[in-house]
Amino acid sequence: CDEADDRRPPTTDRPRYFIPSHSSVEDPRITMAVATSPTSGATATTPSTKSMSTLKVKPKIKRSRDPLSPKPILDRRLLSAALDDAGVSLKPGQIDDFYQLLHRQHYPSVAEFVETYRLNDAAKKGLLPDGDERSVSSTSRSGSRPLKNLASNRPGKRNIRNLPKAFLKFLEDPSLEFVTVTSSVKEARTSADGSTTKLAVELQDGHVVEAVIMRHVSPAGSRATLCVSSQVGCAMGCTFCATGTMGIRGNLSSGEILEQLVHAGRILADDVANDDGEAENSKQRARMKHNHDLVRNVVFMGMGEPLNNYVNVIDACRGLIDCRRWNLAHGRVTVSTVGVIPKMRALTRDLPEVSLALSLHAPNQEARTAIVPTAKQYPIEKLIDALDEHMMAVTKRKMGDNGDDAGGFSADQRKMASKQKRAMIEYVMLEGDTSSLECAHQLGKLCEDRSLLVNLIPYNQTDVKDKLRCPSFEHMREFQRIVMTYGTLCVIRRTMGADIAGACGQLVVEGEKKEESDRSGTEGKETVTDIEEGPFRRTGSSVSSASATSAAAVTRHRSRNMSARGGGEVAPDGGEGDSNGESDLEGWVRPLAIATAVAASCFLVTGALFVAQRRRR
Ligand code: SF4
């Protein structure tokens, strides 16, 4: 558990929130830090911290179903409909061009965008008067740092087409009320170790959702994962989840989901800009500097059940994988669900390459229904089948539908699919029935002969009324060991951001939280994987773990990891994928590569000498 250094229990004289050390408090986009009495829950400003504001508790009201006002321009369906209504026709792909330009300029206001576009256009045509040095910059005119866009940096990409004048006029029309970003960051809190930042994003109607940035730094490279919300609250009511206590207030539009990426991108860009600011964590930030200003993975594991907001989530996923904007690999977008079978199948049909995570949490219907009330609608076996279908969908399509039904694939086909497709089971570790060793056997059997990854998630303390606990780390190890004996890859997920209530299951609007109780479970113990690590990543030993579909293979891999780490504590598969990969390299791949290179050089030198000698003769 990647717990923070500061583990003191909250006291009445200590503000519960603090100003993130890595973020600029002068940034007008971010309103920082609220001081809340941890015992009464009442909010109060702290006199010594002028930038602090008061986070008001919102009454439990639903989101209005009226059209949004102002309208988020990142909602593509909304924009297309408004263009149709206004009679503005664009050539195919011109909306993509517009979004690409917007992304390159780091999402300036609409007016700013139009002005910059016109200036650039005039400069290109040589219409600017001599000496006019305005324009011709790919950065936003507000000076914000442009996002690196892999697509835009790629050589050989075609030029962006000119945008029609009618479209620019359309954007300027105030009655249409399109704005680039409709939400704002109300609060940003960073964990003590600087790895995790939780954002409270206020929507235009005053509702607040949460998004969590997780920074992963490793010798092989740094990356950030963003956990996004898809709904305000959640209707599923899982007993262990703080969000479930809120009930459902409404859905987020696709634009509002994507805006969470915009906010996260700005904060990560500030990370780099303020790199040499604070002494604390400066080493870590220096390592992040080169490649850490981009979100590389997005997981729909924030507030809400994403498949209950299917249309908007799918639209947002399309924006994320759009090569002109965020350009995320399909497999780096993960949709997590407690199991809505029709929508799971729809996702398989619409976006089969996107990863799907099933929050199972119990291996039999009775135990599952006790903690996931909505589970009675769908039998577990059918859920696993739907997940399996999703995993095999890409392989099936590549084989031209020659594969049989979901259960009819050969071991080799499954092995191939496991490398190409991501499908995983999430299993929260709660002290009690569902974490019993008998359940471990049931879970192992359920996943037997399928190339699924099981993620064990240590329960994070929340304020839900049943006082739940996380089992001991040793118990989770044993649970994991049993599941792996069935040939299923099983990892224990590392918890990040527990000290700022940003870990799995802890997301809830702060004003509704009660006093946090003591932490339990896995504090200070060794951790094995982060949120987006899976067996199918092409990093380190995780890849080989993915293909280890037999118990023997899993055991072999575990032994190798143990010996690589000098024995002692078991280092399960999938853990710390990058660094495990390093140790494998250091073990035998690297010497072999060096020996091959030396032999090849000798061969070439000998050949050259031989040819030279022949010529001399
Ligand atoms: S775990 Fe997910 S589905 Fe269940 S209540 Fe929480 S947010 Fe909703």
Side-chain angles (χ1 to χ4, degrees), residues 60 62-63 198-201 207-212 226-252 256-257 260 298-310 312-313 316 334-344 347 355-362 365 367-378 380 383 386-387 424-430 432 434-435 454-466 468 470 493 495-498 501-510 512-513 531-532:
K60 289 190 176 183
K62 301 249 178 203
R63 292 201 86 187
K198 183 167 87 162
L199 311 178
V201 178
H207 286 284
V208 177
V209 293
E210 297 185 331
V212 183
L226 183 69
C227 177
V228 294
S229 295
S230 53
Q231 293 184 306
V232 184
C234 184
M236 306 312 260
C238 304
T239 56
F240 53 85
C241 174
T243 310
T245 61
M246 291 175 66
I248 181 71
R249 312 274 176 85
N251 290 333
L252 266 65
E256 288 170 327
I257 295 171
Q260 295 171 57
V298 172
V299 292
F300 283 83
M301 294 182 185
M303 294 165 75
E305 161 58 58
L307 295 188
N308 280 353
N309 184 15
Y310 184 78
N312 288 310
V313 167
T334 303
V335 176
S336 173
T337 176
V338 287
V340 185
I341 291 178
K343 297 288 166 59
M344 286 168 76
L347 182 74
S355 296
L356 180 62
L358 171 65
S359 300
L360 193 66
H361 308 317
Q365 198 66 20
R368 189 163 194 259
T369 313
I371 54 173
V372 184
T374 50
K376 50 180 173 278
Q377 217 174 336
Y378 301 110
I380 282 184
L383 280 175
L387 186 67
M424 64 187 95
I425 288 177
E426 311 281 301
Y427 198 98
V428 68
M429 292 302 286
L430 293 166
T434 56
S435 64
V454 176
N455 254 322
L456 301 181
I457 306 170
Y459 172 68
N460 296 300
Q461 200 71 46
T462 67
D463 301 328
V464 293
K465 56 178 185 271
D466 300 319
L468 304 169
C470 179
R493 179 179 292 173
T495 298
M496 296 178 76
C504 290
Q506 288 186 313
L507 299 185
V508 66
V509 175
E510 278 299 331
E512 297 171 12
K513 287 181 72 176
I531 193 161
E532 88 286 8

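Note that the numbering runs from 1 along the sequence shown for the chain. Indexing begins at 1, ligand by ligand and atom by atom, following the structure's order.
Close approach of ligand 1 to Gly304 (heavy-atom distance below 4.0 Å) involves ligand atoms 7 (S). Taking every non-hydrogen atom of Gly237 and a distance limit under 4.0 Å, the qualifying atoms of ligand 1 come out as 5 (S). Within ligand 1, the atoms closer than 4.0 Å to a non-hydrogen atom of Gly244 are 5 (S), numbered from 1 in the order shown.
Shown here are the ring-ring contact (aromatic ring centres under 6.0 Å, His included) partners of Phe300, two or more places apart in sequence or in another chain: there are none. Taking Gln260 as the reference, nothing meets the side chain to side chain donor-acceptor pair (under 3.5 Å) condition, with sequence neighbours excluded.
Residue Gln231 holds its CD atom at 9.5 Å from CG of Leu307, rounded to the nearest 0.5 Å.
By heavy-atom distance, the residue among Val338, Thr243, Thr239 lying nearest atom 3 (S) of ligand 1 is Val338.
Of the candidates Phe240, Tyr459, Tyr427, His361 forms a ring-ring contact (aromatic ring centres under 6.0 Å, His included) with just one, namely Phe240.
The side-chain heavy atoms of Met236 and Asn308, taken from C-beta on, include a pair separated by under 4.5 Å.
Using a cut-off of 2.8 Å, one finds that Cys238 contributes no N/O/S atom close to atom 8 (Fe) of ligand 1.
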